[in-house]
Amino acid sequence: MWKNTMKTVRRQSAAHQLFNARDLSLGGTLGQQTHLELLDKSPPRTDERWQQAMSYGELPGPNGWRMLSYFLPGGKLHNTNLIQMNRRLREMYGDIYRLPGLMGKPDVVFTYNPEDFELTYRNEGVWPIRIGLESFSYYRKVKRPDVFGGIGGLVSEQGKDWADIRNKVNPVLMKVQSVRQNLPQLDQIAKEFIDKLESQRDPETHLLQTDFHDQLKNWAFESISFVALNTRMGLLSDQPDPNAARLAKHMSDFFNYSFQYDVQPSIWPYYKTRGFKRFLKTYDDITEITTNYIEEAIQRFEIDDGRKNKCVLEQLLGLNKQVAVVMAMDMLMAGIDTTSSAFVTILYHLACNPSKQSQLRRELLHILPDSKASLTDESTKNMPYLRACIKEGLRITSITPGNFRITTKDLVLSGYQVPRGTGVLMGVMELSNSDEYFAQSADFIPERWLKADIAGDVLACPEARTRNPFVYLPFGFGPRTCIGKRIAELEIETLLVRLLRRYHVNWLPNAPLQYESTIILSPCGDIRFKFLPVEGVRESL
Ligand code: HEM
């Protein structure tokens with residue numbers, strides 16, 4: 001079900017990703033605010049700091065033709081992926097450089113200076129601009145206003161339209177209590193995942209007979225669809241709901257299509273090709289299946305009206321049905337690959353660092369002395385080492401390696417004038433992997449995230465990281481930060497507890513875990529772990 005996505009994605013190069021994001025001004029044709037309308041309207045800056053800064057034209061970087069030549073066969077960036085491309089450009093031009101915007105797109109300034117990150121975020125205002133995926137808006141606003149009532153969704157809206165939804169849904173999705181009420185069901189899903197893993201594990205070799213990453217995507221799908229649709233899809237059972245299996249297949253197709261039509265070059269804004277029409281059909285199928293699930297949930301809520309705590313979907317429906325439909329779909333679209341990729345990453349680091357894994361298991365044995373017991377708010381309150389391991393895994397490989405904004409004000413970045421309306425790409429993962437900000441940055445050291453006073457028997461080492469918060473931002477920053485952060489953390493924590501309480505996990509390949517860069521960094525290639533039951537195995541300390 002998930003394989004198809006991988007194959008297509010592996011063919012993409014940095015050149016495609018760089019040149020082919022749709023023209024930002026397309027927003028105008030979709031009836032949403034364009035980034036130009038959102039820029040600060042005050043006169044250009046004339047203050048001393050601005051005057052003394054070097055001019056924008058002095059920023060290092062290639063012109064349009066030179067940049068194109070880099071991507072031709074034999075060029076410096078030919079066949080690189082996005083990460084390799086950024087590293088080479090940084091070697092060539094330094095810690096701040098400019099790539100020209102082609103075909104009507106704004107220039108993008110790449111920076112590796114945390115002071116620039118802070119300035120950019122602190123000046124983004126209440127309506128930060130991050131370029132969205134235009135097909136979302138087109139489908140929802142132009143093709144199906146009957147279902148979505150003119151709402152494009154968080155990922156693609158800008159300005160006031162974005163803020164209207166975000167302000168409504170923040171209390172539902174960002175409030176700890178609202179999210180944590182899902183713990184019992186997410187724990188149940190984690191248990192079912194482990195049971196399935198056990199049934200696919202060879203007891204002699206301790207290897208899985210199936211693809212672990214694919215299985216994890218089923219777990220992520222089952223978990224997020226419970227939160228978003230209040231429905232158990234049965235994807236971890238032998239007999240999934242047939243509509244759930246269809247939805248999962250459509251989701252997989254959707255990622256292929258979105259990459260093709262939102263990121264690669266395409267004429268769809270001007271001419272609707274046959275392929276694009278198939279994409280719209282996939283959107284239609286996803287919409288039909290999710291709205292059916294939501295209708296079924298509404299009936300359940302009506303029958304069972306006396307509950308004290310309303311689930312996420314019920315709270316969203318209480319705001320507005322169209323907001324609930326859009327949000328549920330966005331959660332499904334943004335919450336599967338992200339969470340499963342992050343989980344593989346964290347598990348990989350723990351598998352490669354057996355002493356850290358043993359340390360974590362000591363904490364887990366304390367939290368869950370009886371492996372059959374359920375996790376509760378009380379038992380999971382105090383898990384400092386687990387949370388530190390998650391942070392440390394995402395530090396070494398943040399699955400979103402850079403954050404993007406369009407500047408709304410004139411800014412001085414690294415001593416250069418950067419006019420409003422310019423794209424700024426903040427290369428945060430490079431900094432979180434630099435010894436300048438994290439001592440022994442290549443090593444997995446969860447202790448750097450522990451506070452000395454709560455570390456218990458662990459030797460905390462908070463001095464191994466910088467105090468600058470802008471060099472570690474796996475979920476972004478500010479009013480536009482990831483809205484699924486709390487859900488993702490809860491899902492990952494719950495499954496890590498269950499998995500490592502049950503198994504010692506070893507990494508089998510001789511090579512490190514590989515990634516491909518698409519919209520996120522996704523683990524690829526040889527992903528094999530060995531799962532040895534904890535019962536009866538001596539800890540290697
Ligand atoms: C480990 C898992 C995840 C990571 C690392 C991640 C990371 C991110 C990042 C970096 C952003 C951009 C933030 C910014 O611009 O400042 C983002 C946005 C977003 N994420 Fe996540 N995410 C994850 C899981 C999820 C999940 C589970 C959901 C669904 C509930 C989700 C839904 C969204 C949405 C809707 C946005 C757009 C928010 C907006 O523009 O207002 N994410 N995510």
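Just follow the structure's listing: the first ligand is 1, and inside any ligand the first atom is 1.
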Do other residues, nucleotides or ligands put more than 12 heavy atoms under 6.0 Å from Gln84 CD? yes
Lys NZ or Arg CZ of Arg465 over Tyr472 ring: under 6.0 Å, within 45°: no
Side-chain H-bond candidate by donor/acceptor type, Thr380 with Arg180, under 3.5 Å: yes
If you count the atoms of ligand 1 from 1 in the order shown, which ones are under 4.0 Å from a heavy atom of Met331? 29 (C), 30 (C)
Heavy atoms of other groups near Lys143 NZ, more than 12 under 6.0 Å: no
Is a side-chain donor-acceptor pair under 3.5 Å present for Tyr515 with Thr345? yes
So the protein N/O/S atoms within less than 2.8 Å of atom 21 (Fe) of ligand 1 come down to Cys482 SG
Would you kindly say whether Ser258 and Asp262 are connected by a side-chain donor-acceptor distance under 3.5 Å? yes
Drop me the distance from Ile129's CD1 to Leu38's CG, to the nearest 0.5 angstrom. 4.5 Å
Pick whichever of Arg166, Arg405, Glu124, Arg130 has a heavy atom sitting closest to atom 41 (O) of ligand 1. Arg166
Tell me whether ligand 1 is touched by Trp162 - counting only heavy atoms on the residue side and a distance under 4.0 Å. yes
Give the atoms of ligand 1, by number and element, whose distance to some non-hydrogen atom of Ile399 is under 4.0 Å. 5 (C)
Proximal atoms of ligand 1 relative to Thr339 (non-hydrogen, under 4.0 Å): 27 (C)
Taking only non-hydrogen atoms of Phe477 and a 4.0 Å limit, the atoms of ligand 1 in range are 16 (O)
Just by distance, with hydrogens left out, do Asn113 and Ser414 show a side-chain donor and acceptor under 3.5 Å apart? yes
Considering only heavy atoms of Ala342, which atoms of ligand 1 have at least one such atom less than 4.0 Å away? 1 (C)
Among Asp330, Leu173, Val155, which one satisfies side chain to side chain contact (heavy atoms under 4.5 Å, CB included) with Ile483? Leu173
Taking the minimum heavy-atom distance to atom 13 (C) of ligand 1, which of Arg486, Arg480, Glu489 ranks first? Arg480
Give me the residue, atom name and distance of the protein heavy atom closest to atom 7 (C) of ligand 1. Pro474 O, 3.6 Å
Check for me whether Arg395 meets the cation-pi criterion with Phe438, that is, NZ or CZ under 6.0 Å from the six-membered ring centre and within 45 degrees of the ring axis. yes
